[in-house]
Each structure stands twice: as C-alpha cells, then as structure tokens.
Amino acid sequence: MQIPPLSSINDHNPLMNTFRLFGFIKIKHSLIVVFLVLITIIAIQFMGTNPFFSLVIPAWTKPESTKPESLSDSSCSGFFCMMGEETISVLITEFGGVGDGRTSNTEAFRKAVEYLKGERKGKKGVGVVRLIVPKGRWVTGSFNLTSDFVLFLDEGAVILGSQNPKDWPIIEPLPSYGRGRERLGGRHISLIHGSGLSNVVITGNNGTIDGQGKMWWDQWWNRTLEHTRGHLVEFMNSNNILISNLTFRNSPFWTIHPVYCSNVVVKNMTILAPLNAPNTDGVDADSSTHVCIEDCYIESGDDLVAVKSGWDQYGIKYSRPSSDIIIRRISGTTPTCSGIGIGSEMSGGVSNVTIEDIHVWNSAAGVRIKADVGRGGYIFNISISNVTLDRVKIPIKFSRGANDHPDDGWDPKAFPRVKGIFIANVVSFNSKKAPELLGIKDSPYEDICMKNLSFFGLSSSARWHCEYVSGFTSQVSPPACPQLPLITEDNYSTRCSFT
C-alpha cells in the first residue's frame, strides 16, 4: 500500500496547523514525531503511577488488560472464556477420512477425536487440540467430542449426516423430559454430541454441517418414526461452549440444543431448514444458564430461538432452570411458529432473559410465551425490546391449552407462574391480528408491561384479546385490552422495571 507524503496530509491536520501558528513549521517532521512520542511515553508513565488516574481510569483501558466482552453493551460473547493455546492440530484425512460425498467417515471422526483425547490426557504440556476438516463432502454418522477441543471446518468443508438410521444410535431420554420428546422410550443421539465436557469450540471459515434431515422428516410425516429424532448438535452437562462462523442445514430435529449447560455462546451462525421441515428449531437453550445467542440468521420450520427447561412432572422433579440468557440481533422467518419462543416445556423455570434487536418476517408469531396447565414452573423477568416484524400474523402471543403432556402422570394442579414480562419498542407492519395474551384462570399472568408498540396494517375492527393477565401499557397503538390499562410514561417507569 502506497503511503501519501506528509505534505499532502498536513493541510488537513489540525496538529500541524498548530505548529504553523507558533512558527515551528521549519522544524523537521521527524523531530516533531520524536517530540510527540516522548510526550506520550511520559504521559503513560505518569498515569500508571499517579493514584488519581488509577482511580478514574477503568482497568480495561490500561495497557496490561482488555475489557471483558461480557461487560460490552454490544456483545454477550464474553460468556465464553478463552481457552489456552492450541498445541496439537490434525486433519481428518490423517485418520482415513475421504471427502467424496459417498464414503462413510464415521470411524475416521471417532478415531480422530479419541486420538486427540488421548494425546491431551496422556502427555504433559498438551493443551487445546484441534481437528481440521478440509474442503470436501464428509459423510458421517454420530460422533462424540472431547474437552479442550476445537472442531474447525475449512471453507468448502461440508459434514453430511449419514442416511443410515443405525449411524444415529439410541440413547437414554433426558431426565427432565422423562421420555423422547416425540416417542416413548429413548431418542436418537445428535449428529455431533458432547456430554460432560468443558472448553469446546465448533467453528471454521464458513464451512457447513448438513444433517440431511429429509429422511427423518419423511418418517415424521408418514408416522413411521420409532424414536425421537436426533438434533444436529447437542451438548449435555457441559460448560464453556462456542459455536460460531458456520452454516448449519437440514437438522432432523432441533438444530442446536445445549441442555444442562452453562456459558454457551452461539454467534455469527446461519441456520437453514425448509420452511415446512417439522420441529427444526434454530437454537433451543434448555435448562441452561449464561447463554448468549447473537448475530444469527435463521430459516426454519419451527421457532427460530426458544428457551426451555423440561416437560411437566419430569421437569418439575429435575428442577434445572434456564436463566441469564441473552438473545440479540436475530433475523429470519418461520411460517408456522415464532421468531422467539419461551416454552412450552418450561417446567424447571425460566428467568432473567434479555431479548433485543430482533427482525422477523413472514411468520406465524413474532414473540411467543407458551405454557399450560400441568407444566408448573415459572417464567419471570423477561425483557423484550427493539423488535421489527413484517407480515407476521400475530406479533405478540401468550398461548395455552396445547394439551401436550409426556404421559398420564402429569399433575393437573401444576400451574405455571408468569410474572414480569417487559416488552418495548416493537413495530409490526402488515399485521393480521392484534396481540393475543391468554393467561391461565387459576394462575393469572402478572406484571405484563408494554411500551411503545405500534401495529400497522390491522383492520379497523382488530382488537387485543386478553384473558387472565394484568399489567400496564404506555404509548401503544392500537390501544391494549382493559386488563392492561394505559398509564403515563412517568407512572410506567415506576410500576414497570426490568431487574
């Protein structure tokens, strides 16, 4: 790159104009640079030793540290803690992998992971290990990951899910569900699976993981499914997980499913499935804490992002809530479901969820809270803001009455508690229906607060539909139902506050 001479820059440089003003223009430019460097060094040393500057300058502005990303207003990726240096890196081809789109690489992936696991545990000084998948089409059945591990897909690398159901073995149902979500008994394992792990990254240079889910969708449509379908990627009882910079396609069931996990980041992902592919949720955070889902584009046949925590009596007994979750800058479409959903499996509890900067179009619902009699559990302290919707049938929906239970052991007296739902700055274009907020008679939803909502395109006869809810609204058009009376902005700030 050619650097322009200083003479061509000085006329636009206020600092050089100052030197001209004081008659210093004859000084050599190099001497000026040396003078400025000396002043900068002295200033830095003074700030580093002066207790006044130590008090007023935040720690992350000092040279020896950086601001934690978890403190950033623009990213929650600091939930993932950086791992140590990588010490071993191998290619899948070193273990017999063949990327021709036909050859099975199941054993190659399993051998590669086992080798890296052994190297990490068997040798001193071995830190993070990496498995590289180069350009090619790599057919595989399910394989498990290991801790302190990076799965890296090069540009042009495509991992393809096997079309042989036997390559997706049956595993035990989740204890918070008590059975497979779709069928009694066990469930198929995910294509890429991790259990009891720490420090795992799935990333790359925009490579692709394709579950080739049509085989499984056909079984669902034809009612020939024997066991619950597998996810594309699932982590159980794991912590410090990062999934980023890839495209995930055609998951048989939910695409990314962290369950009983903590410190999970899903960032810069493209997640795609046919819009009629059943239950192909994008990301489902389930009984997990400190989860960050941001900067993702999703097209699916179910919720783009959902927060869950177990199913009826099994979720109540297991009691693993989902909490401290941030979902931001998500865009996409789902014609049958919602952009962001909470529930309906929420029996372990859901709390402290922040949802912001969402763009959803051509979808059944924008934001949806789902619960039912028998679920038990709770949904507390949910903040939803800065949502743009276009051609979404119902912009905001609280639903009940699905009558969806794992077995006859569910408790009809287990009522979910919903309190503290804060929704602000929502614009919906070409809306077909006004919001529908249906609570539960024996457990009304409380503290539902909505501010600055505008729904365009509604017919003049459109009205909010509300049952068993209470709260307040401010600056809402068209006006909300009587259960959510309009109050002034000052009163709103007093009565409605997200904590």
Side-chain angles (χ1 to χ4, degrees), residues 60 66-83 145 149-151 192 194 197-204 209 231-248 254-271 281-298 300 303-309 320-332 338-342 346 349-360 367 379-387 422 498-499:
W60 55 75
T66 57
K67 180 177 180 179
E69 286 191 346
S70 57
L71 298 182
S72 170
D73 291 333
S74 62
S75 177
C76 52
S77 59
F79 282 164
F80 175 79
C81 300
M82 296 303 295
M83 304 188 299
L145 305 183
F149 176 86
V150 177
L151 177 63
I192 298 176
L197 305 183
S198 296
N199 308 324
V200 180
V201 176
I202 301 176
T203 189
I209 300 177
H231 310 293
L232 193 67
V233 174
E234 180 180 68
F235 285 97
M236 299 173 52
N237 296 301
S238 299
N239 69 88
N240 210 40
I241 307 298
L242 171 63
I243 302 173
S244 68
N245 301 326
L246 295 172
T247 296
F248 284 1
W254 306 342
T255 305
I256 300 175
H257 185 224
V259 58
Y260 320 138
C261 290
S262 62
N263 295 89
V264 177
V265 173
V266 179
K267 183 178 176 69
N268 294 331
M269 292 293 296
T270 299
I271 300 173
D281 303 38
V283 185
D284 285 2
D286 197 344
S287 292
S288 294
T289 61
H290 294 103
V291 178
C292 168
I293 305 166
E294 66 179 13
D295 300 312
C296 296
Y297 177 82
I298 305 173
S300 80
D303 294 340
L304 305 185
V305 177
V307 181
K308 303 176 181 289
S309 67
R320 287 287 294 270
S322 282
S323 64
D324 300 307
I325 294 173
I326 298 176
I327 302 165
R328 54 158 55 117
R329 295 189 298 275
I330 305 298
S331 60
S338 52
I340 308 296
I342 296 180
M346 38 64 66
V350 175
S351 65
N352 300 334
V353 179
T354 298
I355 301 164
E356 59 189 13
D357 301 322
I358 307 298
H359 183 200
V360 178
V367 175
I379 299 174
F380 291 163
N381 216 36
I382 312 298
S383 172
I384 303 166
S385 62
N386 302 333
V387 178
F422 306 94
F498 177 71
T499 58

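Model, not experiment: these values are computed from the prediction.
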> Checking Arg320 side chain against Val259 main chain: does a donor-acceptor pair fall under 3.5 Å?
Replying inline: no
> Would you say Asp303's side chain and Ser338's backbone share a donor-acceptor pair under 3.5 angstrom?
Replying inline: yes
>> Any non-hydrogen side-chain atom of Glu294 less than 4.5 Å from a side-chain atom of Ile326?
In response: no
>> With a 4.5 Å cut-off on side-chain heavy atoms, are Phe149 and Leu197 touching?
In response: no
> Judged by modelled atom types alone, do Asn240 and Asn263 share a side-chain donor-acceptor pair under 3.5 Å?
Replying inline: no
> Got a donor-acceptor contact below 3.5 angstrom from the Thr289 side chain to the Asp324 backbone?
Replying inline: no
> Would you call Asp357-Arg328 a salt bridge at under 4.0 Å N-O?
Replying inline: no
> Are the side chain of Thr270 and the backbone N or O of Thr247 linked by a donor-acceptor pair below 3.5 Å?
Replying inline: no
>> Tell me whether the rings of His290 and Phe79 are parallel (<30°), tilted (30 to 60°) or perpendicular (>60°).
In response: perpendicular
> Ile355 versus Val367: any side-chain heavy-atom pair under 4.5 Å?
Replying inline: no
> What pairs with Tyr260 under ring-ring contact (aromatic ring centres under 6.0 Å, His included), at least two apart in sequence or on another chain?
Replying inline: Tyr318
> Where the side chain of Ser287 meets the backbone of Pro321, is there a donor-acceptor pair that is under 3.5 Å apart?
Replying inline: no
> Between the side chain of Ser351 and the main-chain N/O of Ser323, is any donor-acceptor distance below 3.5 Å?
Replying inline: no
> Going through the checks in order, is the side-chain hydrogen bond (donor to acceptor under 3.5 Å, both in side chains) test met by Ser383 and Thr354?
Replying inline: CA-CA 5 Å; Ser383 172; Thr354 298; 5.1 Å; no
